[in-house]
Peer 1: 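One structure, pasted below without further comment.
When a ligand or atom number is given, it counts from 1 through the structure's own listing order.
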Amino acid sequence: MSEESRLREEICRYGRSIFERGLTFGSSGNISVMLEDGWLMTPTNASLGSLDPARLSKLDLEGRHVGGDKPTKETFLHQGMYRRRSNARAVVHLHSTHSVAVSVLDDIDPEDVIPPLTAYYVMRVGKLPLVPYYRPGDPALGPAVEALADRHRAVLLANHGPVVAGTSLDAAVYATEELEETAKLHLMLQGRRTRPLTPEQVADLRAHFPD
Ligand SMILES: O=C(CO)COP(=O)(O)O
Ligand SMILES: [Zn+2]
């Protein structure tokens with residue numbers, strides 16, 4: 001099996017798993033992976049639960065649609081991540097409930113929306129900035145994400161959901177899951193006194209688990 005065929009299968013397998021676990025709904029969310037000669041993207045208005053490997057959208061290195069169904073309207077968003085993160089090989093965007101809930105809280109720090117509650121959150125996600133609200137598919141999302149992507153592998157779109165880059169599709173999915181679970185913990189702990197990791201503990205994790 002070619003590398004491209006393997007990645008096509010992998011996108012569909014992860015899409016189904018994400019959908020079946022309720023991590024995104026309806027036709028929301030999109031996934032992309034980088035190829036040697038361009039990108040594979042999930043088609044617009046497709047449910048991640050029932051993707052067809054043969055119908056995934058293919059874009060060439062210039063971002064032109066060269067195969068499969070029409071690509072996600074968030075293509076700009078994915079491209080913004082790839083432009084700034086030279087080691088990114090996959091990008092996942094979901095409407096995962098707890099992450100979306102955090103994205104609508106009024107009193108969050110837009111530079112770092114979730115405290116470093118656990119080691120795995122720091123290792124897989126790091127510091128999570130909030131991208132101001134834009135309409136889904138707005139081309140302005142590209143530059144807005146690009147402005148943050150060199151310093152952050154994950155960003156949270158206000159009133160919308162997370163966008164996470166990874167050095168592989170596995171890495172991008174695992175980080176998105178870690179973000180969702182930590183958003184859930186963060187919400188569960190509202191009103192309770194907590195002990196997030198200290199700056200020293202965070203620095204130690206970053207030194208041992210770089211991007
Ligand atoms: O999540 C989505 C928009 O933000 C889904 O859009 P697409 O169906 O175009 O991928
Ligand atoms: Zn979306």
Peer 1: Need the ligand 1 atom indices (1-based, order shown) with element for anything under 4.0 Å from a heavy-atom of Gly29.
Peer 2: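 In order of numbering, the contacting atoms are 1 (O), 2 (C), 5 (C), 10 (O).
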
Peer 1: Short list, please: which atoms of ligand 1 are under 4.0 Å from a heavy atom of Glu74?
Peer 2: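 The list of qualifying atoms is 3 (C), 4 (O).
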
Peer 1: Within the 4.0 Å heavy-atom shell around Ser27, which atoms of ligand 1 are there?
Peer 2: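 Atoms satisfying the 4.0 Å criterion: 5 (C), 8 (O).
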
Peer 1: Counting non-hydrogen protein atoms only, what is the nearest one to atom 6 (O) of ligand 1? Give residue, atom name and distance.
Peer 2: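 Its nearest protein heavy-atom neighbour is Lys73 NZ, 3.2 Å.
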
Peer 1: So does Pro53 get a backbone contact from the side chain of Arg8, meaning a donor-acceptor N/O pair under 3.5 Å?
Peer 2: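 A pair under 3.5 Å: yes.
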
Peer 1: Using a 4.0 Å cutoff against the non-hydrogen atoms of Asn30, which atoms of ligand 1 qualify?
Peer 2: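 Near Asn30, the atoms of ligand 1 are 1 (O), 2 (C), 5 (C), 6 (O), 7 (P), 10 (O).
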
Peer 1: Could an N or O of ligand 1 be found under 3.5 Å from any N or O of Pro43, whether backbone or side chain?
Peer 2: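 Between Pro43 and ligand 1, no N or O pair is found under 3.5 Å apart.
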
Peer 1: Going by atom types alone, do His95 and His160 pair a side-chain donor with an acceptor below 3.5 Å?
Peer 2: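 His95 vs His160: donor-acceptor pair found between side chains.
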
Peer 1: Can you name the atoms of ligand 1, numbered from 1 with element, that are less than 4.0 Å from a heavy atom of His160?
Peer 2: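 In order of number, 4 (O).
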
Peer 1: Give me the atom names and distance for the closest heavy-atom approach of Met41 to Thr72.
Peer 2: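 Looking at all heavy atoms of both residues, the shortest contact is SD-CG2, 3.9 Å.
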
Peer 1: Taking only heavy atoms of His95 into account, list the atoms of ligand 1 that are under 4.0 Å away from them.
Peer 2: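 Per the distance check, 1 (O), 2 (C), 4 (O).
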
Peer 1: Return yes when Thr42 approaches ligand 1 closer than 4.0 angstrom through a heavy atom, no otherwise.
Peer 2: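 No, Thr42 has no heavy atom closer than 4.0 Å to ligand 1.
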
Peer 1: Under 3.5 Å, is there a donor-acceptor pair between the Arg21 and Ser17 side chains?
Peer 2: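 On atom types as modelled, these side chains qualify, holding a pair under 3.5 Å.
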
Peer 1: Taking only heavy atoms of Thr44 into account, list the atoms of ligand 1 that are under 4.0 Å away from them.
Peer 2: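 Matching atoms, with element in brackets: 7 (P), 8 (O), 9 (O).
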
